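Here the structure comes first, spelled out in structure tokens, and everything after it is commentary.
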Amino acid sequence: MTLAQPPHKKAKALRPGARRPAKELCSECGLCDTYYIHYVKEACAFINQQFPELETQTHGRSRDLEQENDWYFGVHQDMMTARKTQPVEGAQWTGIVSSIAIEMLNRGLVEGVICVQNTQEDRFQPKPVLATTPEEILAAKVNKPTLSPNLSVLELVEQSNMKRLLVIGVGCQIQALRAVEHRLGLEKLYVLGMPCVDNVDRAGLQKFLDTTSRSPETVVYYEFMQDFRVHFKHEDGSTETVPFFGLKTNQLKDVFAPSCMSCFDYVNGLADLVVGYMGAPFGWQWIVVRNDRGQEMLDLVQDQIETQPVMSQGDRKPAVQQSIPAYDKGVTLPMWAAKLMGVFIERIGPKGLEYARFSIDSHFTRNYLFVKRNYPEKLAAHVPEFAKRIVRQYKLPD
Ligand code: FAD
Ligand code: SF4
């Protein structure tokens with residue numbers, strides 16, 4: 001007797017360029033490039049918002065809505081800041097993500113790691129891989145600051161009969177992954193997530209570089225830093241900084257992908273462990289341990305990192321409230337005023353976890369308005385309750 005095939009095996013992946021079920025809200029997470037498209041209506045982050053259910057499945061509970069820290073940072077059991085004592089050269093920050101993945105593979109906790117390298121021709125063009133060697137993981141270091149179809153390699157996992165897997169990814173990818181997790185035939189899944197915001201497609205990235213950097217073609221890395229500046233690193237090792245308030249917001253308003261303008265999963269609520277920077281002092285990484293699997297992963301690199309407790313300082317709310325109409329109207333300050341404003345805000349502005357809350361508030365209020373204006377029929381179901389509570393703290397234009 002032959003066992004019946006799971007239903008997804010008969011489904012057909014979409015061809016590249018074909019319109020995805022989430023239409024213009026698609027973040028190109030990669031699920032629809034595989035036969036797991038069979039589950040897209042339940043799994044897609046932009047079709048079916050299901051944070052409470054997936055949080056309970058993953059962490060054993062959903063966010064406690066009486067706890068403000070849970071609105072902002074999601075379910076967690078520990079939080080700290082950390083940096084590698086010997087940073088990985090060429091990593092986005094100090095390389096904690098790559099180091100954990102390598103340890104997991106070397107110690108046999110997993111047989112493969114889903115991560116994203118770049119193509120040979122273009123350092124910013126993502127190329128998702130199922131890595132099975134430390135070299136392949138290292139080749140994926142540093143952000144590809146574009147929408148990346150990380151889940152497009154999911155079929156390879158089932159085909160290779162892997163039973164223990166680590167997936168590295170951003171929120172929209174992880175939401176879809178969690179929804180199909182029990183279809184992958186795995187015995188153990190670990191998820192190492194990064195916070196993510198304001199992503200762009202490859203053309204949008206070019207527009208951002210062209211309008212913001214003095215030398216777009218030599219940029220090898222950039223990050224929106226806690227000092228309220230964008231830091232670009234160039235091929236010759238030099239660093240260029242541009243204040244946030246000097247960005248040409250009128251030209252850049254439409255550059256961000258519609259998926260990212262309607263996303264409320266900045267902090268990657270469904271990963272086991274999250275590694276970012278925004279709740280940490282400059283130069284340090286921000287670590288959020290969501291559950292025991294996350295702690296198990298972090299323990300693997302304890303002897304490679306130094307840590308500090310998280311801190312919080314300042315009051316973000318007036319700055320957030322003031323930035324709402326400015327962003328809405330696409331106001332760009334002259335460069336001298338932008339620099340002055342940057343220096344001022346850096347001195348007295350929010351720091352540590354308060355900076356993270358500043359960034360979350362600014363993006364959630366903007367995204368709430370975007371969904372309300374462009375997809376009013378989706379607003380009630382798509383915006384999760386924790387995000388509604390965050391947005392309600394501010395006065396929004398119509
Ligand atoms: P590395 O060791 O350099 O490893 C980077 C890992 O990222 C690699 O394993 C690679 O597979 C993966 N990766 C690269 N590009 C992508 C992509 N497009 N999609 C999915 N996975 C990818 N942190 C914040 O605190 N605030 C933010 O606003 C924020 N925005 C981000 C936006 C994007 C698009 C990305 C990818 C990350 C963002 N982060 C953000 C996380 C932060 O920039 C660092 O990636 C994180 O701190 C890990 O640094 P590292 O040196 O340990 O990583
Ligand atoms: Fe498919 Fe992912 Fe796009 Fe949703 S976001 S339509 S699951 S590729």
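Throughout, numbering of the chain's residues begins at 1 and tracks the sequence. Remember, it's 1-based here, ligands and their atoms both numbered in the order they're listed. If you're wondering where the values come from, they're calculated on a predicted model, not measured in any experiment.
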Just which atoms of ligand 2 are under 4.0 Å from any heavy atom in Ala22? 6 (S)
Location of contacts on Ile137 toward ligand 1, heavy atoms closer than 4.0 Å: neither
Single hit among Asp70, Ile287, Val289 for side chain to side chain contact (heavy atoms under 4.5 Å, CB included) with His76: Asp70
Non-hydrogen atom of Ile168 closer than 4.0 Å to ligand 1: yes
Under 4.0 Å from any heavy atom of Ser148, which atoms of ligand 1 are there? 17 (C), 18 (N), 19 (N)
Between ligand 1 and Tyr277, can you find any atom pair, the residue atom being a heavy atom, that is separated by under 4.0 Å? yes
Heavy atoms only: which of Lys141, Lys144, Gln92 lies closest to atom 15 (N) of ligand 1? Lys144
Using heavy atoms and a threshold below 4.0 Å, how should the contact between Phe224 and ligand 1 be classified: side chain, backbone, both, or neither? neither
closest protein heavy atom to atom 3 (Fe) of ligand 2 is Cys26 SG, 2.3 Å
Does the pair Glu296/Arg293 count as a salt bridge with the N-to-O cut at 4.0 Å? no
Check: Val170 N/O within less than 3.5 Å of ligand 1 N/O: no
Which atoms from ligand 1 have a heavy atom of Val142 less than 4.0 Å away? 1 (P), 3 (O), 4 (O), 5 (C), 14 (C)
Among Met225, Gln285, His363, closest by any non-hydrogen atom to atom 47 (O) of ligand 1: Gln285
Logged contact type for Ile47 with ligand 2, heavy-atom cut-off 4.0 Å, is neither
Determine whether the side chains of Tyr221 and Asn143 contain a donor N or O and an acceptor N or O closer than 3.5 Å. no
So which heavy atom in the protein is nearest atom 28 (O) of ligand 1, and how far is it from that ligand atom? Tyr266 OH, 3.1 Å
Sub-4.0 Å atoms of ligand 1 with respect to non-hydrogen atoms of Asn199: 34 (C)
Could you find the nearest protein heavy atom to atom 51 (O) of ligand 1 and give me its residue, atom name and distance? Trp93 N, 2.7 Å
Could you tell me if Tyr375 and Glu24 have a donor-acceptor pair between their side chains, going purely by distance under 3.5 Å? yes
Would you kindly say whether Gln77 and Asn291 are connected by a side-chain donor-acceptor distance under 3.5 Å? no
Between the side chains of Asp122 and Lys127, is the shortest nitrogen-to-carboxylate-oxygen separation below 4.0 Å, so that they form an ion pair? no
Out of all atoms in ligand 1, which are within 4.0 Å of some heavy atom of Cys196? Include the element for each. 30 (N), 31 (C), 32 (C), 33 (C), 34 (C)
Specify the protein heavy atom at minimum distance from atom 35 (C) of ligand 1: its residue, its atom name, and the distance to 0.1 Å. Asn143 ND2, 3.4 Å
Should Lys207 and Asp201 count as an ion pair when the cut-off is N to O under 4.0 Å? no
Per-atom contacts, ligand 1 versus Cys115 - under 4.0 Å to a heavy atom: 11 (O)
Within 2.8 Å of atom 1 (Fe) of ligand 2, is there any N, O or S atom belonging to Cys32? yes
Ring geometry between Trp286 and Phe73 (parallel below 30°, tilted from 30 to 60°, perpendicular above 60°): perpendicular
Any non-hydrogen atom of Gln173 lying under 4.0 Å from ligand 1? yes
Step by step, work out the side-chain hydrogen bond (donor to acceptor under 3.5 Å, both in side chains) result for His231 and Tyr222. CA-CA 5 Å; His231 289 221; Tyr222 74 82; over 6 Å; no
Under-4.0 Å salt bridge between Arg290 and Asp78: no
Does ligand 2 have a heavy atom under 4.0 Å from the side chain of Ser27, from its backbone, from both, or from neither? both
Whether the Ser213 and Glu240 side chains hold a donor-acceptor pair (N or O, under 3.5 Å, no angle test) is what I'd like checked. yes
For atom 13 (N) of ligand 1, what is the nearest protein heavy atom, given as residue, atom name and distance? Val116 CG1, 3.4 Å
Protein contact to atom 1 (P) of ligand 1 [nearest heavy atom, distance to 0.1 Å]: Ser98 OG, 3.6 Å
Are side-chain N/O atoms of Glu385 and Trp71 paired as donor and acceptor at under 3.5 Å? no
Using distance alone, with no hydrogens and no angle criterion, decide if Tyr266 and Ser359 have a side-chain donor and acceptor under 3.5 Å apart. yes
So, Gln295 and Asp272: side-chain donor and acceptor under 3.5 Å apart, yes or no? no
Compute whether any side-chain donor of one residue and acceptor of the other, for Ser99 and Lys84, lie under 3.5 angstrom apart. yes
Side chains of Tyr72 and Gln67: donor-acceptor distance under 3.5 Å anywhere? no
Looking only at protein heavy atoms, which one is nearest to atom 2 (Fe) of ligand 2, and what is the separation? Cys29 SG, 2.4 Å
Atom indices of ligand 1 within 4.0 angstrom of Gly276 heavy atoms, with elements: 23 (N), 25 (O), 47 (O)
The protein heavy atom nearest to atom 31 (C) of ligand 1 is Pro195 O, 3.3 Å
Answer yes when Glu158 and Lys9 have at least one side-chain N-carboxylate O distance shorter than 4.0 Å, and no when they do not. yes
Within the 3.5 Å criterion, strictly below it, is a donor on Arg316 or Ser362 matched to an acceptor on the partner's side chain? no
Glu55 bridged to Arg61 by N-O distance under 4.0 Å: no
Min N/O separation Gly169 to ligand 1 under 3.5 Å: no
Proximity to ligand 1 by part of Met194, non-hydrogen separation under 4.0 Å: side chain
Report whether any nitrogen, oxygen or sulfur of Cys44 sits less than 2.8 Å from atom 4 (Fe) of ligand 2 (N, O or S, backbone or side chain). yes
Pick, from Val88, Asn118, Val97, Val113, the option with the minimum heavy-atom distance to atom 6 (C) of ligand 1. Val97
Nearest non-hydrogen protein atom to atom 46 (C) of ligand 1, with distance, is Val275 O, 3.3 Å
A student checking ligand 1 against Thr146 at a 4.0 Å heavy-atom cut-off should list atoms 18 (N)
Just jot down the ligand 1 atoms closer than 4.0 angstrom to any heavy atom of Ala91, in number order. 2 (O), 3 (O), 51 (O)
Can you pull out the closest protein heavy atom to atom 10 (C) of ligand 1? Residue, atom name and distance to 0.1 Å, please. Ala140 O, 3.2 Å
